[in-house]
Amino acid sequence: MLVSWNSTNQCNMFCDHCYRDAGERLNEELTTEQGKKLIRELVKAGFKIMIFSGGESIMRPDIYELGRYATEQGLRAVLGTNGTLITPEVAFKLKEAGFMAVGVSIDSLSDEKNDQFRKLDHALQLAIQGMKNLRQAGLPFQIHTTVMDWNVNELEAITDFAVEIGAMAHHVFFLVPTGRGANIEEEALRVVEYEKTIARLMEKQKDVAIEIKPTCAPQFIRVADKKGIPIRFSKGCLAGISYCIISPRGDVQPCAYLDIPLGNVKETPFDEIWQSNPVLNKLRTMEYEGDCGICDYRERCGGCRARAYYYSGGNFMANDDWCLYKPKGGSHG
């Protein structure tokens, strides 16, 4: 079980696709002590991995203290970052604080494309230097890429770059229109291209030793099965089942792209929200509608609940219409 905490809304970038609409630090972000209380409640709820993300997590002054505390409480602390602020000193301090891994975002190997998307000059080169600093500090890292229509043909090259620079994995995120991402919805891959891209990534997995994982694309479980590619993941969409996200102010929602408020940890202990919230309990039934509900991959894939929610107009249990698979007896079969 893993949880992602957007530890701050503050960011040195203004990325086109940001689901959190990050930029300025918000009033009433969780304090250090509130963060530590949250960590204790996560442990009580049975979580094992805690992702500190943002905004830009490095911009939170107490990030090292919180990472160390999470580690002391028995959590595996990992960091999500754009990488541009990871100096040799920062990399060393992250390692010293007990962080076990770092995810660094790169969306193109073209400086022009990457920097334009992320609205920061020299973003690509700064992120690359950040990864080199992590490697020097002995802190494992992986590359995160958001796939769009303008960079879809670069994915294999970015995987090769990940291998070259020493990353342990390449995770490819498929856009779900949330936050600023709703403004570039037309750049998201459409159904046929979506399926083809998942298949391409799984084919690439045969050629490289590092892990390739499509994210917000739970159909990769089926594609990997059909291609006979062994993967360590047993479930596609984890939203509300073994994953959730917490905002800088403490609001809990099932995943980053499923913008349904479940409660606030300042008012209700996280473990109580996790155990008793009706939306979470509904997601755990896996009683999906349409073909998702009768699919032979219902329990292992589950369809993207955030995408189903967005394109159905608000039904998080709806069919994921971006899936081309035709289950036996289904409406498309």
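Excluded from the calculations below are hydrogen atoms, water molecules and symmetry mates; all remaining heavy atoms, backbone and side chain alike, are included. Counting begins at 1 with the first residue of the sequence.
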- prompt: Just checking, any donor-acceptor pair under 3.5 angstrom between side chains of Asp296 and Tyr325?
  reply: yes
query: Looking only at side chains, do His144 and Ser105 share a donor and an acceptor under 3.5 Å apart?
result: no
query: Is a side-chain donor or acceptor of Gln253 paired with a backbone partner of Cys255 at a separation under 3.5 angstrom?
result: yes
- prompt: Any chance the side chains of Gln219 and Tyr194 put a donor and an acceptor closer than 3.5 Å?
  reply: yes
field: Side-chain H-bond candidate by donor/acceptor type, His170 with Thr145, under 3.5 Å
entry: yes
- prompt: Should we say atom NZ of Lys48 is surrounded by more than 12 heavy atoms from elsewhere, each under 6.0 Å from it?
  reply: no
message: Test your reading of the model: is there a side-chain donor-acceptor pair from Asp321 to the backbone of Tyr311, 3.5 Å cut-off?
response: no
message: For a 4.5 angstrom cut-off between non-hydrogen side-chain atoms, does Ile158 reach Ile143?
response: yes
query: If we ignore angles and hydrogens, is there a donor and acceptor under 3.5 Å between the side chains of Asn277 and Glu272?
result: no
task: Decide yes or no for Asn12 and Asn82: does some side-chain heavy atom of the first lie under 4.5 Å from some side-chain heavy atom of the second?
output: yes
task: Look only at the side chain of Asn264 and the backbone of Arg249, and say whether a donor-acceptor pair between them is shorter than 3.5 Å.
output: yes
- line: Of all heavy-atom pairs linking Ala217 and Ile198, the shortest is CB-CD1, 3.9 Å
- prompt: Out of curiosity, Lys93 NZ to Tyr64 OH, how far, rounded to the nearest 0.5 Å?
  reply: 4.5 Å
task: State the CD-CG distance between Gln34 and Leu66, to the nearest 0.5 angstrom.
output: 11.5 Å
message: Using modelled atom types and a 3.5 Å cut-off, is there a donor and acceptor pairing between side-chain atoms of Ser57 and backbone atoms of Gly54?
response: no
task: Report the distance from atom CD of Glu211 to atom OG1 of Thr159, rounding to the nearest 0.5 Å.
output: 11.5 Å
message: Looking at Cys292, is its backbone amide N or carbonyl O close enough to the side chain of Arg298 to form a donor-acceptor pair, meaning the two atoms are under 3.5 Å apart?
response: no
field: Any side-chain donor near an acceptor of the partner, Asn6 and Ser53, under 3.5 Å
entry: yes
field: Minimum heavy-atom distance Val176-Cys216, with the two atoms named
entry: CG2-CB, 4.2 Å
Contacts of Ala308 that satisfy side chain to side chain contact (heavy atoms under 4.5 Å, CB included) - sequence neighbours left out: Arg305, Ala318
field: Sidechain N-carboxylate O distance under 4.0 Å for Lys235, Glu299
entry: no
message: Ignoring hydrogens and geometry beyond distance, is a side-chain donor-acceptor pair present between Asp107 and Asn151 at under 3.5 Å?
response: no
- request: Hey, could you give me the CD1/CZ distance between Ile86 and Phe92, rounded to the nearest 0.5 Å?
  value: 15.0 Å
- request: Carefully, step by step, assess Thr81 and Glu56 under the rule side-chain hydrogen bond (donor to acceptor under 3.5 Å, both in side chains).
  value: CA-CA 6 Å; Thr81 173; Glu56 174 46 56; 2.9 Å; yes
message: Would Lys213 pass as a cation-pi partner of Phe233, given that its NZ or CZ must be under 6.0 Å from the six-membered ring centre and within 45 degrees of the axis?
response: yes
query: Nearest heavy-atom pair of Met168 and Pro140: which atoms, and what distance?
result: SD-CB, 3.8 Å
Short side-chain to backbone donor-acceptor contact, Gln205 and Ile212, under 3.5 Å: yes
query: Rounded to the nearest 0.5 Å, what separation is found between the OH atom of Tyr243 and the CG atom of Leu2?
result: 6.5 Å
message: Which residue is it: Glu28, Gln10, Glu29? I am looking for the one with a side chain to side chain contact (heavy atoms under 4.5 Å, CB included) to Pro248.
response: Glu29
field: Validation row: Cys301, Arg222 side chains within 4.5 angstrom (heavy atoms)
entry: no
- prompt: What are the two closest heavy atoms between Leu79 and Phe99, and how far apart are they?
  reply: CD1-CE2, 3.9 Å
message: Rounded at 0.5 Å granularity, tell me how far NZ in Lys36 sits from CD in Glu72.
response: 8.0 Å
statement: Closest non-hydrogen contact found for Ala91 with Leu139 is O-CD2, 4.2 Å
Please output the side-chain donor-acceptor pairs of residues 38-45 that fall under 3.5 Å, not counting sequence neighbours, one pair per line with the distance.
from, atom 1, to, atom 2, distance (Å)
Arg40, NH1, Tyr69, OH, 2.9
Glu41, OE1, Phe270, N, 2.9
Glu41, OE2, Lys37, NZ, 2.5

- request: Report yes if the distance between the aromatic ring centroids of Trp322 and Phe174 is under 6.0 Å, otherwise no.
  value: no
- prompt: Does Arg300 come within less than 4.0 Å of Asp225, counting only side-chain N to carboxylate O?
  reply: yes
- line: Tightest non-hydrogen contact, residues Trp5 and Arg60, listed as CZ2-NH1, 3.8 Å
message: Quick check on Lys196: does its NZ atom have over 12 non-hydrogen neighbours (other residues, nucleotides or ligands) under 6.0 Å away?
response: no
field: Note: Arg200-Glu195 ion pair, threshold 4.0 Å (strictly below)
entry: no
task: State whether a side-chain donor-acceptor pair under 3.5 Å links Gln129 with Asn133.
output: yes
